[in-house]
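Please read the structure below before turning to the comments.
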There are 2 protein chains.
Amino acid sequence: MPKPAAPPVRPTALQAESLRRTRREHATETAEDYVEAIADLTASRGEARLVDLARRLGVTHVTVNRTLARLRRDGYVSTRPYRAIFLTEAGEKLAASGRRHTTVVAFLESLGIPAKAAALDAEGLEHHVGPETLAAFERHLRKAGK
Amino acid sequence: MPKPAAPPVRPTALQAESLRRTRREHATETAEDYVEAIADLTASRGEARLVDLARRLGVTHVTVNRTLARLRRDGYVSTRPYRAIFLTEAGEKLAASGRRHTTVVAFLESLGIPAKAAALDAEGLEHHVGPETLAAFERHLRKAGK
DNA sequence: AACATAATGTAGCCGACGCTACAAACGGCA
DNA sequence: TGCCGTTTGTAGCGTCGGCTACATTATGTT
Ligand SMILES: [Mn+2]
Ligand SMILES: [Mn+2]
Ligand SMILES: [Mn+2]
Ligand SMILES: [Mn+2]
C-alpha cells in the first residue's frame, strides 16, 4: 500500500526559525557568561583577573585571553596589558541580563529540583529563555509564595 | 577602607562544571536536531532527502552535507550518494531523545506560554534539560491534569 | 638586588559549523 | 533521445572557541 503521507510533526518554517534563533543565542552565550563572571568577580574581589576568569569558566587562560579580545572588539570590556578587566557600559548592561540566571535557578528549585541539578541546568537553559517564558517563570514564582 | 570581600555569588568549581557541561551539550546538539528531523521526515514523507533537511534546519544544503558526513563518521546515519538518508540503530536511539522536546513544549504551554513562543524556546532549551529537571517537568504535567 | 613563582601574552594547531560558487548527477518530459 | 530544472557533491573560505608550548612581564621574598 502507498505511504500514509502524514503531516510533518512540526511546521517546517517554524522549526527552521527556532533553530536559527537557537544558533543566534549560542553566538551571544559566551559573551553573556563572561560579563556575568566579570561583574561577579569585580563585586566580590574588587577586580577581575584573567586567572580567576579561567578558573570560573573552566577553560585555559589562553582561551580567556582570546575571548576577551573578541569582547573588547565588540565593546563589552576594556582591558590593558597585565591589568584587571573592566566592563564597559554595554558590558554592564549585558551583565544585567544575569538576572535571568537567578530567576531560572529559583524557578527550577521551586519545582523541587535539587540545588546542584538546578545550578547545572540553569547555566545552559538561561540563554534560551525568551521574554514570555521568563515572565511565566516569574509568575510561577510569585504564585508559589516568593 | 578595604574591600568588603564578599563571597562570590556562585561557587567557582560548580560554575566551571556547569559551563563545561553546557559546552558538552552544545557539541551533541546538532546531532540531536538532525536525527530528530530525519526521523520526522522519514515518518511523514517516507524518506529524508538532503533538501528537505536543509529547509527544516534553516541552513544551506552544503552545511547539511558536511554535517551528515560527521554524523556518518560518528555512526548515527547511513547515506549513499544521491540517495535518501537513513538512521542507524544509534541514530534511532538518539532520535528517541526527541521525547524530551515534546515534554519541554508541553511543559512550557502548561505554564500559559503561547504556542509559538513555546516552540521557539523549546528548540534551544531541550538540550540543557537534565534528568531531574525532565522528571520535574513530567511531574508538573501530570499534576496539571494531563 | 636577585631570584623564583605567578600572571599574562603569543604562536600555532585543531574541529565544528556556517557560507558562496561552481560541478556533476538525476529525473521528468518534450 | 535529448534537454532542463532539481538535487547532490565539492572546493575553498571564514569565524568561533577550544588546546599546548613557549615567551615575557609582574610580583613577592629573601
Ligand atoms: Mn550560561
Ligand atoms: Mn544552548
Ligand atoms: Mn528538537
Ligand atoms: Mn534543538
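A salt bridge links A/Arg21 to A/Glu25: one of the charged nitrogens lies within less than 4.0 Å of a carboxylate oxygen. For the pair A/Arg24 and A/Glu29, the salt-bridge criterion is not met [side-chain N within less than 4.0 Å of a carboxylate O].
In this structure, of D/dC19, C/dG18, D/dT25, it is C/dG18 that holds the atom nearest to the side chain of B/Arg66. Of the candidate nucleotides C/dT10, C/dG18, D/dG9, C/dG18 has the atom lying nearest to any side-chain atom of B/Tyr34. Here D/dC19 is the nucleotide among C/dG9, D/dC19, D/dT8 with the atom lying nearest to any side-chain atom of A/Val62. When each of C/dA25, C/dG18, C/dT8 is scored by its nearest atom to the side-chain atoms of A/Leu50, the top-ranked nucleotide is C/dT8.
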The test is salt bridge (Lys or Arg N to Asp or Glu O under 4.0 Å); show your working for A/Glu32 and A/Arg100 and say whether it passes. CA-CA 11 Å; A/Glu32 286 183 18; A/Arg100 244 185 349 177; 2.6 Å; yes
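For D/dT8, neither phosphate oxygen OP1 nor OP2 lies less than 4.0 angstrom from any side-chain nitrogen or oxygen of B/Asn65. Contact annotation: B/Thr63 does not reach the phosphate of C/dG18 (side-chain N/O to OP1 or OP2, under 4.0 Å). Phosphate proximity of D/dC16 to A/Arg73: present, with a side-chain N or O under 4.0 Å from OP1 or OP2. Distances shown here put a side-chain N or O of B/Arg49 below 4.0 Å from the OP1 or OP2 atom of D/dT8.
B/His127 has its side chain within reach of B/Asp33: a pair of non-hydrogen atoms, C-beta onward, lies under 4.5 Å apart.
A stacking contact between B/His61 and D/dT7 is absent: the pair does not combine a ring-centre distance of less than 5.5 Å to the base's six-membered ring with planes differing by less than 30°.
With DNA chain D read from its 5' end, the first of the two nearest nucleotides for A/Pro81 and A/Ala27 is the one closest to A/Ala27.
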